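One structure is given here, and the rest of the page talks about it.
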Amino acid sequence: MDSSDEPDMTGVMVIEPMGNAGPYLVRAAASLGIRLYAATDERVHAGYDPWLTDALAGVCLTELADSERALDDMEAFCRTRRITGVAVCWELLTPLAALLAARLGLPGNDPALAGAARNKIAMAGAFRAAGVRAPADAVVTSVEEAHQVAASGRLGWPIVVKPAEQGGSWGVSVVAGPDGLDAAVAAAGRFTRAEPHGLPLDARVLLQSYVPGEEFSADTVVREGVPHPLPVVRKDTTAGRYRVETGHSCPAGLDPATVRAIQDTAARAALAVGVRNGVAHTEVKLPPDGRPVVIETGARLPGDDICGLVEAATGVSEAAAYLQAVTGRVPRTEPTRDAGAALRFVLPERAGVLRYVVIPEAPGTDSRIHIRPGERVPEPADSSGRVGHVLARAASVDEARALAARVVSDTRVKVS
Ligand SMILES: Nc1ncnc2c1ncn2[C@@H]1O[C@H](COP(=O)(O)OP(=O)(O)OP(=O)(O)O)[C@@H](O)[C@H]1O
Ligand SMILES: [Mg+2]
């Protein structure tokens with residue numbers, strides 16, 4: 001399954017490029033003269049969009065849920081090609097990338113710590129060990145245990161209840177008092193496998209103390225253990241029981257000292273979970289004391305088109321910097337542009353069947369529809385309820401935020 005054989009080009013193996021960061025990796029690889037290979041499952045590969053299939057120099061078909069087999073298959077595949085780096089798009093597959101890079105002797109992350117970049121229980125332990133500021137937490141496997149922890153008062157109220165291994169805010173609830181605990185623990189504990197690869201998940205539930213304050217994400221490229229901070233992004237979410245993201249914007253609208261504090265905290269979080277040659281996407285909250293607290297980190301590029309947002313605002317290509325780091329080159333992370341960008345999601349208020357969605361066109365904006373008319377819109381409890389999004393670019397972030405907000409408020413969407 002190989003095409004394109006220019007002898008001078010080196011290749012990067014991407015473990016499952018089908019995902020939000022995939023198009024950015026494809027574009028960055030082309031700009032850096034890197035050939036991209038993919039490892040995936042046969043069934044998942046059958047659903048690849050043609051643009052992705054066309055962009056790949058070759059595909060290793062394996063079974064990603066079977067780590068040993070996948071490692072053997074990918075190692076054999078990479079050894080017969082000029083692969084100089086390993087990358088990954090899916091958080092749940094980041095430990096596999098660390099193990100593959102180690103087997104091949106390529107720059108990668110610390111395999112002994114890599115599990116902590118995927119599992120929020122292991123992550124809490126890694127943050128404690130490294131002294132990274134994170135919420136107080138407790139692990140439970142039943143509703144009874146959750147009530148015991150809550151009654152001890154150790155986490156206070158509200159309590160955040162979340163799955164040990166999941167993303168997209170699936171199964172995450174902010175619970176104000178004991179009454180909401182049963183439903184929240186059930187919602188968080190229901191994930192035993194992750195599609196589309198059927199990866200087995202740790203079904204334990206994590207309880208965390210609630211961290212108040214504004215929320216940001218900060219990505220970090222790391223090369224040979226040295227962190228290179230990327231621009232900080234402001235994250236807007238709903239305020240209720242479900243913290244659904246409503247948008248992102250960059251720059252974050254903070255003073256330079258606070259930006260640096262967030263970047264330093266994010267870099268320490270990345271190093272704590274073993275990121276050594278790669279990228280990390282870290283979410284932090286800024287409580288009233290002004291000292292950032294880490295909510296989570298993942299050894300992958302951001303989702304939600306944050307790569308596009310950051311590039312529009314600052315000129316920095318996170319995907320290119322990531323590919324540079326995993327192939328042992330110096331990552332380019334200096335901003336080359338001083339503009340603003342804002343992304344807003346189109347989120348209907350309730351579940352139902354999508355009848356129509358019309359996002360108006362406006363200069364300086366691009367929009368995309370995620371759910372088609374006739375398809376079901378889930379309850380707005382997590383990121384799967386997004387009908388579409390708008391990315392706005394402007395001279396300043398305030399203008400970009402206003403432009404995106406205007407387009408979303410002019411969007412016509414009907415669910416019934
Ligand atoms: N301890 C906490 N204190 C305050 N808010 C929290 C806490 N944990 C989670 N949240 C809120 O819930 C959101 C989702 O939680 P978290 O990031 O842990 O889950 P996730 O499924 O990995 O999310 P996503 O993939 O959407 O980033 C956070 O972005 C934040 O707004
Ligand atoms: Mg998160």
Side-chain angles (χ1 to χ4, degrees), residues 65 67 90-92 94-95 112-195 198-213 215 237-245 269 272-274 282-285 287 293-299 378-384:
S67 302
W90 292 59
E91 187 158 296
L92 295 171
T94 55
L113 281 171
R118 147 179 179 153
N119 184 304
K120 290 180 170 122
I121 296 172
M123 190 182 297
F127 288 163
R128 259 191 300 279
V132 173
R133 209 161 170 242
D137 69 286
V139 182
V140 301
T141 51
S142 68
V143 166
E144 293 72 35
E145 280 180 70
H147 279 284
Q148 278 166 18
V149 170
S152 77
R154 172 161 92 70
L155 302 180
W157 291 102
I159 289 177
V160 184
V161 181
K162 58 176 79 172
E165 294 187 316
Q166 199 37 280
S169 306
W170 290 15
V172 180
S173 323
V174 180
V175 181
D179 288 353
L181 216 45
D182 294 21
V185 171
R190 71 180 193 274
F191 302 100
T192 55
R193 278 191 187 274
E195 295 311 330
L199 303 171
L201 296 177
D202 178 352
R204 288 178 296 167
V205 171
L206 189 62
L207 307 189
Q208 289 180 334
S209 59
Y210 179 80
V211 182
E215 189 163 356
T237 68
T238 55
R241 169 173 172 186
Y242 301 118
R243 297 302 158 106
V244 181
E245 286 163 12
V273 299
T282 306
E283 295 176 331
V284 305
K285 290 199 80 170
V293 178
V294 176
I295 298 298
E296 62 157 343
T297 190
E379 194 194 348
D382 55 49
S383 64
S384 55

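Every value quoted in this text rests on a predicted model; they were computed, and no experiment measured them.
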Is there a donor-acceptor pair under 3.5 Å between the side chain of [X] and the backbone N or O of [Y]?
X	Y	answer
Ser169	Ser383	no
Arg190	Ala187	yes
Arg243	Ala239	yes

I need the minimum non-hydrogen distance between [X] and [Y], along with the two atoms involved.
X	Y	answer
Ile159	Ala150	CD1-CB, 3.8 Å
Arg133	Pro287	NH1-CG, 4.3 Å
Thr94	Ala299	CG2-O, 3.1 Å
Asn119	Glu165	ND2-OE2, 3.4 Å
Lys162	Ile295	NZ-CG2, 3.9 Å
Met123	Thr297	CE-O, 2.9 Å

For the residue pair [X] and [Y], establish whether any side-chain heavy-atom pair is separated by less than 4.5 Å.
X	Y	value
Leu201	Leu92	yes
Val294	Pro135	no
Arg241	Val174	no
Asp137	Arg128	yes
Glu91	Glu296	yes

Checklist line | Verdict with reasoning, Leu206 to Val139, per side chain to side chain contact (heavy atoms under 4.5 Å, CB included) | finding: CA-CA 5 Å; Leu206 189 62; Val139 182; 4.1 Å; yes
Margin query: Between Val160 and Val172, is the side chain to side chain contact (heavy atoms under 4.5 Å, CB included) condition met? List the steps.
Written below: CA-CA 7 Å; Val160 184; Val172 180; 4.0 Å; yes
Check: When rounded to the nearest 0.5 angstrom, what is the spacing between NZ in Lys120 and CZ in Arg204?
Finding: 13.5 Å
Next item on the list: For side chain to side chain contact (heavy atoms under 4.5 Å, CB included), just list the numbers for Ser384 and Trp170, CA-CA rounded to whole Å, side-chain angles, deciding distance to a tenth of an Å, and then say yes or no.
Entry: CA-CA 8 Å; Ser384 55; Trp170 290 15; 4.1 Å; yes
Next item on the list: Step by step, work out the side chain to side chain contact (heavy atoms under 4.5 Å, CB included) result for Leu155 and Tyr210.
Entry: CA-CA 8 Å; Leu155 302 180; Tyr210 179 80; over 6 Å; no
